[in-house]
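When a ligand or atom number is given, it counts from 1 through the structure's own listing order. The figures here come from the full heavy-atom set of this structure, side chains too, leaving out hydrogens, waters and symmetry mates.
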Amino acid sequence: VSNGLIVSFGEMLIDFVPTVSGVSLAEAPGFLKAPGGAPANVAIAVARLGGKAAFAGKLGDDEFGHMLAGILKENGVNGDGILFDQGARTALAFVTLRSDGEREFMFYRNPSADMLLSPDELNLELIRSAKVFHYGSISLIVEPCRSAHLRAMEVAKEAGALLSYDPNLRLPLWPSAEEAREQIMSIWDQADIVKVSDVELEFLTGSDKIDDESALSLWHPNLTLLLVTLGEKGCRYYTKNFHGSVEAFTVKTVDTTGAGDSFIGSLLCRLVEDRSILEDETRLREVLRFANACGAITTTKKGAIPALPTESEVLSLLHQ
Ligand code: ADP
């Protein structure tokens, strides 16, 4: 589809997901190993739609790290930005599926390899070649990966990339809610595009109202596009000149993991071809309809990566 490179920066890990809900992993009759990590999901979402994607981040030099690197490769994601830490293990997440459908996570981060990525290890050549640089990982939380994260953003921006930020709030990993809010908002103004979920909007504004007023309270003049994803209610968009909402598709949802990554990945695929979409409301709405279709399809299968759609799957939902 396009030749512009989208570099997604952050963590990749394995979720251990019980086969039944309502019990902890320890009590479950079995579990699945689901590769994930929002930035890695976004890279695969882009590649599956035919875009050019690279993942930049650190894995453990262990069985899991090599398995994850293999999954990126199989999916056509450039792995030039992958590093293997010789000492620490790959990050793992142990999931509990609550009876109400929500997920609870316990992380192995003791420290995990992703947390040890340092600024001097970054593949700057790869980052400089990005037309779009996407980030939004838990690597803002601790050093040295926090400095690596900030440096990568700076280098990408200097090289002229469009910066896309998804806070991916994982509140239990932060020392406090206050710190999470402060750190997330401290890098808000450097992004061109920010995508938040309704839950993140509530957290960041400190209000349970999800409306234009609360979204616009997060607006920053440096932003080009602010997106709020609303699950089965679709999404809202805000630019300097216009705002509105685009309805979701009705599908048989079985697992919403990765819907937001699929949504943003598809949007970036279109923007890397043509940034002027951001100035044209009709075209932006069309692209967001496509992104909603990607998100919807992702909810129809278990897991994130296996559920990310190809372009033809999206087109068949759009033309139904
Ligand atoms: P996140 O994964 O970041 O929380 P959402 O769950 O809001 O993001 O999903 C992103 C997009 O995927 C939504 O804007 C919507 O278009 C689509 N989507 C998510 N859940 C559903 C659903 N249950 N039915 C239809 N579309 C959905």
Side-chain angles (χ1 to χ4, degrees), residues 8 10-11 15 17 34 36-46 48-49 93 95 97-98 100-105 134-138 164-172 180 184 191 193-205 210-212 214-215 218 225-238 243-270 284-309 313-318 320:
S8 191
E11 73 283 355
D15 287 339
V17 189
N41 293 344
V42 172
I44 295 177
V46 168
R48 202 157 289 166
L49 289 169
V95 181
L97 300 173
R98 289 196 334 223
D100 62 5
E102 290 300 315
R103 295 176 156 229
E104 273 171 23
F105 292 87
H134 177 77
Y135 53 98
S137 72
I138 50 186
S164 156
Y165 177 41
D166 178 344
N168 281 309
L169 178 70
R170 292 269 181 267
L171 201 49
I184 288 171
I193 298 168
V194 172
K195 172 213 154 267
V196 290
S197 66
D198 41 7
V199 176
E200 287 162 345
L201 179 66
E202 285 180 346
F203 171 76
L204 291 168
T205 58
I210 299 166
D211 54 17
D212 290 343
S214 68
L218 295 180
L225 176 64
L226 172 64
L227 293 161
V228 182
T229 58
L230 306 163
E232 62 191 14
K233 296 202 190 82
C235 68
R236 292 204 177 138
Y237 57 88
Y238 302 86
H243 66 262
S245 59
V246 182
E247 264 181 41
F249 288 83
T250 305
V251 290
K252 279 208 183 95
T253 295
V254 296
D255 176 6
T256 61
T257 314
D261 304 326
S262 178
F263 173 93
I264 191 74
S266 84
L267 174 79
L268 299 180
C269 260
R270 302 295 287 275
L284 180 65
R285 290 182 61 87
E286 214 176 279
V287 168
L288 292 175
R289 192 164 169 267
F290 189 96
N292 278 348
C294 287
I297 294 169
T298 308
T299 72
T300 62
K301 288 185 207 153
K302 268 200 175 164
I305 293 172
L308 297 168
E313 285 175 279
V314 185
L315 293 177
S316 74
L317 178 61
L318 287 173
Q320 242 173 41

May I ask you to decide whether Glu313 forms a salt bridge with Lys301, counting only side-chain N to carboxylate O separations under 4.0 Å?
yes

Please check if the side chain of Asn292 supplies one atom and the backbone of Gly234 the other of a donor-acceptor pair under 3.5 Å.
no

Is the backbone of Ile210 close enough, under 3.5 Å, to the side chain of Arg236 for a donor and an acceptor to pair up by distance?
yes

Sub-3.5 Å pairs, protein N or O with ligand 1 N or O:
residue  : atom   : partner : partner atom : Å
ligand 1 : 2 (O)  : Gly260  : N            : 3.0
ligand 1 : 3 (O)  : Lys195  : NZ           : 2.9
ligand 1 : 7 (O)  : Thr229  : OG1          : 3.1
ligand 1 : 7 (O)  : Gly231  : N            : 2.7
ligand 1 : 8 (O)  : Thr229  : OG1          : 3.2
ligand 1 : 14 (O) : Gly234  : O            : 2.9
ligand 1 : 16 (O) : Asn292  : OD1          : 2.7
ligand 1 : 23 (N) : Thr253  : OG1          : 3.1

To check you understand the geometry: which heavy-atom pair defines the closest contact between Leu171 and Ala180, and what is its length?
CD1-CB, 4.0 Å

With sequence neighbours left out, the residues meeting side-chain hydrogen bond (donor to acceptor under 3.5 Å, both in side chains) with Thr300 are none

Under-4.0 Å salt bridge between Lys195 and Asp166
yes

